[in-house]
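Working notes for the structure below.
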Amino acid sequence: MKLTRRAKEVLGKLESFESEDLKTALDKLAISREELEEHLHPPEDKPYQRKALYKDENTELLVMNWADIECAPHDHGDSIGWIQVVNGTTKQTVYKVKGNRLPKVLFHEYKEKGDVFFSPRKGVHKMGRKGGDPLITVHLYSPPIQGMKVYDLDACAACIVSEECGAWWPEDQSEKISEIKLRAFKKAKKKKQSSVKK
Ligand SMILES: [Fe+2]
């Protein structure tokens with residue numbers, strides 16, 4: 001059965017959307033690289049090119065074809081999800097976030113072909129290709145992502161992006177729903193120390 005039809009069969013009939021239900025559904029889909037081939041398009045100047053394989057009000061299934069460019073740190077709005085590495089290796093960086101403060105790196109990890117990893121609600125991460133093998137990943141989110149927050153750590157800023165924008169700082173103003181100025185950890189600490197001395 002074709003992948004898009006299988007996705008409709010499996011995801012369209014899901015009645016529960018807890019993390020374990022989504023993982024079971026993704027396993028059941030048993031997606032191969034070969035059947036993704038027709039859905040891949042060159043990422044061009046962006047970190048990845050994505051294509052929706054299935055979407056309804058509860059879930060969305062996407063394939064991402066990566067360039068050798070890391071995406072920006074981002075969350076997935078209120079969605080949870082599972083990410084499957086179908087080809088290549090990805091380096092994932094996971095951040096700690098608190099309110100409107102600048103995210104801090106918690107750890108890096110590498111996920112290889114065949115690995116499936118969880119993306120928690122409001123978790124902030126970034127991904128990129130590691131090595132020369134093409135990186136292809138499949139992402140199952142519930143509910144479909146809305147209000148994704150993308151970070152520009154150098155500019156100490158974050159913005160909520162529209163559905164048209166991926167995990168990169170939007171070039172087009174129409175893709176930017178709102179912008180947030182972040183507070184840097186270090187600056188806040190220095191200010192506190194100087195006020196103590198006084
Ligand atoms: Fe992500």
Side-chain angles (χ1 to χ4, degrees), residues 7 11 17-19 22-23 25-26 29 31 36 39-41 43-55 58-98 102-130 134-154 157-171 175-178 180 182:
L11 300 175
F17 307 95
E18 299 299 324
S19 61
L22 298 170
K23 174 65 165 53
L26 188 58
L29 285 170
I31 298 167
L36 288 171
H39 301 287
L40 303 179
H41 298 287
E44 296 172 352
D45 61 340
K46 296 285 189 286
Y48 56 79
Q49 181 274 342
R50 68 189 162 170
K51 187 184 173 193
L53 301 167
Y54 178 78
K55 185 176 180 180
N58 298 308
T59 60
E60 71 177 335
L61 182 69
L62 305 157
V63 59
M64 295 184 187
N65 187 28
W66 290 76
D68 194 12
I69 306 169
E70 279 191 324
C71 67
H74 62 280
D75 69 11
H76 300 138
D78 284 325
S79 302
I80 58 169
W82 289 93
I83 301 168
Q84 178 182 352
V85 181
V86 180
N87 198 77
T89 301
T90 184
K91 178 184 177 185
Q92 174 179 231
T93 303
V94 174
Y95 294 84
K96 177 185 173 184
V97 277
K98 198 176 175 188
L102 197 65
K104 270 183 158 179
V105 173
L106 269 182
F107 61 89
H108 306 283
E109 61 182 355
Y110 296 91
K111 299 289 183 182
E112 299 175 344
K113 181 178 177 178
D115 288 343
V116 180
F117 55 102
F118 184 63
S119 189
R121 185 171 282 115
K122 295 290 180 195
V124 173
H125 77 152
K126 71 173 178 181
M127 289 171 60
R129 190 176 88 191
K130 173 72 181 170
L135 176 62
I136 301 166
T137 54
V138 163
H139 303 237
L140 176 60
Y141 298 116
S142 180
I145 294 179
Q146 274 194 325
M148 182 165 81
K149 190 187 279 183
V150 175
Y151 292 87
D152 180 339
L153 301 187
D154 293 333
C159 70
I160 306 292
V161 300
S162 69
E163 285 175 48
E164 290 74 38
C165 189
W168 48 82
W169 196 261
E171 287 172 10
E175 294 177 335
K176 200 185 283 181
I177 295 171
S178 63
I180 304 139
L182 301 172

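Please read these numbers as outputs of a predicted model, since none were measured by experiment. All ligand and atom numbering here is 1-based and tracks the order in the structure. Just the heavy atoms: all of them, side chains too, but no hydrogens, waters or symmetry mates, feed the values below.
Residues satisfying the ring pair (Phe, Tyr, Trp, His ring centres under 6.0 Å) test with W82, not counting sequence neighbours, are F118. The ring pair (Phe, Tyr, Trp, His ring centres under 6.0 Å) check on F117 picks up nothing, with sequence neighbours excluded. Partners of K176 according to the salt bridge (Lys or Arg N to Asp or Glu O under 4.0 Å) rule, which considers only residues two or more places apart in sequence or in another chain, are E179.
Side chains of W169 and C159 form a contact here, defined as non-hydrogen atoms less than 4.5 Å apart.
Ring geometry for Y141 against H76 counts as tilted: the plane angle lies between 30° and 60°, on a 0 to 90° scale.
With a cut-off of 2.8 Å, the protein N/O/S atoms near the Fe ion (ligand 1) add up to 3.
No donor-acceptor pair under 3.5 Å is formed between the side chain of T89 and the backbone N or O of E112.
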